[in-house]
Student: 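One structure, as structure tokens, below. Some questions next.
Owing to the predicted nature of the structure, the values given are computational and were not obtained by experimental measurement.
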Amino acid sequence: MATRAMEQSKVVSPAEWLAARKELLKKEKEFTRLRDELSRQRRELPWEKVEKAYVFDGPKGKETLGDLFGGKSQLIIYHFMFGPEWKEGCPSCSYISDHIDGSVVHLAARDVRLAVVSRAPLAQIEAFKKRMGWRFKWVSSYGNDFNRDYHVSFTKEEMATGKAYYNYQANAFPSDEGPGGSVFFNRGGEIFHTYSSYGRGLDMMIGAYNYLDIVPKGRDEDGLGFTMAWVRHHDRYADGYSVDPAAQYQAPKIVGATCCAAEEHA
């Protein structure tokens with residue numbers, strides 16, 4: 001579909017191009033103002049106190065939710081889809097996570113710690129993290145209720161009955177794990193949950209999508225069996241890489257789990 005659009009693109013004189021660009025610029029500036037206003041409203045959401053004492057498995061031992069702040073007052077958690085029996089992490093979550101390492105030092109300068117949490121045991125996380133070459137903080141919530149409480153892990157019964165609570169409503173979700181982002185604030189030792197987002201709300205974390213949105217073909221996902229069908233782990237884009245537009249979503253190579261389908265649940 002993107003190729004067809006390229007063939008039909010209108011070619012105009014420099015003066016006409018400039019006029020069209022200025023017209024679009026008005027809309028871009030309005031969008032920027034609307035985005036700034038939405039961000040302000042997001043920051044002004046009420047908070048809820050975190051009463052439960054969550055303990056995670058980290059590379060150096062047990063860590064509480066408070067420990068994950070790393071001395072900062074603000075914490076962003078990315079809920080990475082990686083179930084206890086999964087062979088590897090979700091490709092779409094990996095796509096998002098490829099953007100993390102370069103951001104960590106800049107976020108720290110603004111009093112923010114970014115960490116990743118998955119339900120897979122720590123040994124599986126560490127092995128996959130090494131394969132991907134990532135350095136960011138990643139801990140395991142295996143054995144605690146963190147994923148359930150923040151609505152990114154689901155039971156087989158919930159999946160079978162279409163009652164997996166994801167993105168603030170009951171869904172017929174195709175996976176026992178879902179992606180998400182949650183924000184917390186530490187005020188004198190008291191921890192508060194300030195924000196969580198799921199599905200297409202995570203687009204803001206994907207810098208590559210922002211680049212794709214400005215090129216002529218865009219994300220070029222229309223017509224795919226599912227929107228992220230083109231995404232691979234970054235070590236699997238080999239020579240001869242291609243995408244079958246008719247390919248449907250495939251479960252990971254383990255029994256009873258499926259991978260990232262956030263784009264279907266915006």
Side-chain angles (χ1 to χ4, degrees), residues 32-82 89 93-94 96-120 122 125-126 129 132 134-153 166-168 177-207 210 262:
T32 297
R33 287 189 287 269
L34 289 172
R35 182 177 57 193
D36 288 346
E37 173 59 19
L38 183 62
S39 295
R40 183 192 65 78
Q41 293 181 28
R42 184 185 297 117
R43 292 191 298 271
E44 291 182 356
L45 281 172
W47 298 356
E48 61 174 348
K49 187 174 181 180
V50 178
E51 302 285 359
K52 192 173 291 187
Y54 299 104
V55 179
F56 305 89
D57 291 320
K60 296 182 180 180
K62 300 294 184 181
E63 298 187 60
T64 66
L65 182 60
D67 292 332
L68 297 187
F69 282 80
K72 307 300 181 183
S73 69
Q74 302 170 104
L75 173 67
I76 300 171
I77 294 289
Y78 179 66
H79 304 282
F80 189 114
M81 294 174 69
F82 196 176
C93 288
S94 298
I96 292 178
S97 298
D98 280 334
H99 297 78
I100 294 179
D101 276 331
S103 300
V104 169
V105 64
H106 302 290
L107 293 173
R110 305 308 297 162
D111 193 29
V112 177
R113 179 80 175 291
L114 195 159
V116 176
V117 174
S118 297
R119 214 159 51 91
L122 183 64
I125 289 174
E126 289 287 283
K129 180 181 176 182
M132 293 288 98
W134 293 328
R135 303 182 306 277
F136 54 75
K137 182 75 173 181
W138 194 352
V139 297
S140 171
S141 60
Y142 185 74
N144 72 32
D145 298 326
F146 188 74
N147 281 44
R148 291 284 296 166
D149 291 347
Y150 290 92
H151 310 296
V152 290
S153 289
Y166 181 73
N167 208 8
Y168 303 103
E177 302 292 327
S182 294
V183 181
F184 301 88
F185 192 87
N186 189 329
R187 185 170 63 190
E190 290 186 312
I191 298 175
F192 301 89
H193 174 222
T194 69
Y195 181 73
S196 283
S197 185
Y198 310 91
R200 285 291 303 275
L202 302 173
D203 272 15
M204 69 178 75
M205 298 182 178
I206 309 177
N210 294 320

Student: Nearest heavy-atom pair of Ser140 and Arg119: which atoms, and what distance?
Tutor: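 Shortest heavy-atom separation between Ser140 and Arg119 comes out as OG-O, 4.1 Å.
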Student: Can you check whether Phe82 reaches Cys93 side chain to side chain, under 4.5 Å on heavy atoms?
Tutor: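 Side-chain contact under 4.5 Å: no.
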Student: Using the ring of each side chain (for Trp, its six-membered ring), is Phe185 parallel, tilted or perpendicular to Trp47, with breaks at 30° and 60°?
Tutor: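 Tilted, since the angle between the ring planes falls between 30° and 60°.
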Student: Rounded to the nearest 0.5 Å, what's the gap from CH2 on Trp138 to CG on Leu122? Could you check?
Tutor: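 If we round to the nearest 0.5 Å, Trp138:CH2 and Leu122:CG are 10.5 Å apart.
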Student: With a 6.0 Å cut-off on the ring centroids, do Tyr150 and Phe184 count as close?
Tutor: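 Under 6.0 Å, so yes.
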Student: Would you mind reporting whether Gln74 and Val183 have side-chain heavy atoms less than 4.5 Å apart?
Tutor: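 No; the side chains remain at least 4.5 Å from each other.
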Student: Distance from Leu38 atom CG to Arg43 atom CZ, nearest 0.5 Å?
Tutor: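 One finds 10.0 Å between CG of Leu38 and CZ of Arg43.
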Student: Looking at every heavy atom in both Phe192 and Lys49, which two are closest together, and how far apart are they?
Tutor: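 Shortest heavy-atom contact: CD2-CA, 3.7 Å.
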Student: Looking at Phe80 and Ser94, what are the two nearest heavy atoms and their distance?
Tutor: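 Taking Phe80 first and Ser94 second, the nearest heavy atoms are CZ-OG, 3.5 Å.
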Student: Would you call the rings of Phe146 and His79 parallel, tilted or perpendicular if under 30° counts as parallel and over 60° as perpendicular?
Tutor: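 Tilted: the ring planes of Phe146 and His79 meet at 30° to 60°.
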Student: Taking the side chain as every heavy atom from C-beta outward, state whether Met205 and His99 have any pair of such atoms under 4.5 Å apart.
Tutor: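 No, side chains not in contact.
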Student: Determine whether more than 12 heavy atoms belonging to other residues, nucleotides or ligands lie under 6.0 Å from atom NZ of Lys60.
Tutor: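 At most 12 heavy atoms, drawn from other residues, nucleotides or ligands, come within 6.0 Å of this atom.
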Student: Has Tyr195 got a side-chain atom pairing as donor or acceptor with Gly181's backbone, closer than 3.5 angstrom?
Tutor: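 Not at all, since once roles are kept as given, no pair shorter than 3.5 Å links the two residues.
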Student: Residues two or more places apart in sequence or in another chain: which of them pass side-chain hydrogen bond (donor to acceptor under 3.5 Å, both in side chains) with Tyr54?
Tutor: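 In terms of side-chain hydrogen bond (donor to acceptor under 3.5 Å, both in side chains), with neighbours along the sequence ignored, Tyr54 is linked to Asp149.
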Student: Flag the pair Trp134 / Ile100 as yes when at least one side-chain heavy-atom distance between them is below 4.5 Å, and no otherwise.
Tutor: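 SC-SC contact between Trp134 and Ile100 ruled out.
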Student: Just wondering, do Asp57 and Lys62 contact through their side chains at under 4.5 Å, heavy atoms?
Tutor: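 In contact.
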Student: So do Thr32 and Asp36 actually touch side chain to side chain, heavy atoms under 4.5 Å?
Tutor: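 Asp36 vs Thr32: side chains touch.
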Student: Any chance you could measure Ser196, atom OG, to Glu48, atom CD, to the nearest 0.5 Å?
Tutor: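 Separation between the atoms: 8.0 Å.
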Student: Between Tyr198 and Val152, does the side chain to side chain contact (heavy atoms under 4.5 Å, CB included) criterion hold? Intermediate values first, please.
Tutor: CA-CA 9 Å; Tyr198 310 91; Val152 290; 3.6 Å; yes
Student: Going from OG on Ser39 to CE on Met204, what distance comes out if it is rounded to the nearest 0.5 angstrom?
Tutor: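 Here the rounded value is 7.0 Å.
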Student: Tell me whether His106 contacts the main-chain N or O of Ser103 through its side chain, where contact means a donor paired with an acceptor under 3.5 Å.
Tutor: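 Not confirmed, His106 side chain does not pair with Ser103 backbone.
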Student: Output all residues satisfying side-chain hydrogen bond (donor to acceptor under 3.5 Å, both in side chains) with Ser197, sequence neighbours left out; order by chain, then residue number.
Tutor: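 Scan of Ser197 (side-chain hydrogen bond (donor to acceptor under 3.5 Å, both in side chains), adjacent residues dropped) gives none.
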Student: Between Val139 and Gly58, what is the shortest heavy-atom contact and its length?
Tutor: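 The pair with the smallest heavy-atom distance is CG1-CA, 4.0 Å.
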Student: Which atoms form the tightest heavy-atom contact between Lys137 and Glu63, and what is the distance?
Tutor: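 So the two residues come closest at NZ-OE2, 2.6 Å.
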Student: Are side-chain heavy atoms of Ser118 and Tyr78 found at a separation under 4.5 Å?
Tutor: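 No, side chains not in contact.
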Student: Quick test of your reading of the model: are Asp145 and Arg148 salt-bridged, counting only N-O distances below 4.0 Å?
Tutor: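 Not counted as a salt bridge, because no side-chain N and carboxylate O are separated by less than 4.0 Å.
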Student: Compare all side-chain heavy atoms of Asn147 with those of Val117 and state whether any distance is below 4.5 angstrom.
Tutor: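 Of all side-chain heavy-atom pairs linking Val117 with Asn147, at least one is under 4.5 Å.
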Student: Can you measure from OG1 (Thr64) to CZ (Phe69) and round to the nearest 0.5 angstrom?
Tutor: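 Output value for this atom pair is 9.5 Å.
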Student: With a 3.5 Å cut-off and sequence neighbours excluded, list the donor-acceptor pairs that the side chains of residues 107-115 form with protein atoms.
Tutor:
{"from": "Asp111", "atom 1": "OD1", "to": "Ser73", "atom 2": "N", "distance (Å)": "3.1"}
{"from": "Asp111", "atom 1": "OD2", "to": "Ser73", "atom 2": "OG", "distance (Å)": "2.3"}
{"from": "Arg113", "atom 1": "NH1", "to": "Leu68", "atom 2": "O", "distance (Å)": "2.9"}

Student: Can you measure from CD (Glu51) to NE2 (His193) and round to the nearest 0.5 angstrom?
Tutor: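 Answer for the CD-NE2 pair, Glu51 versus His193, is 14.0 Å.
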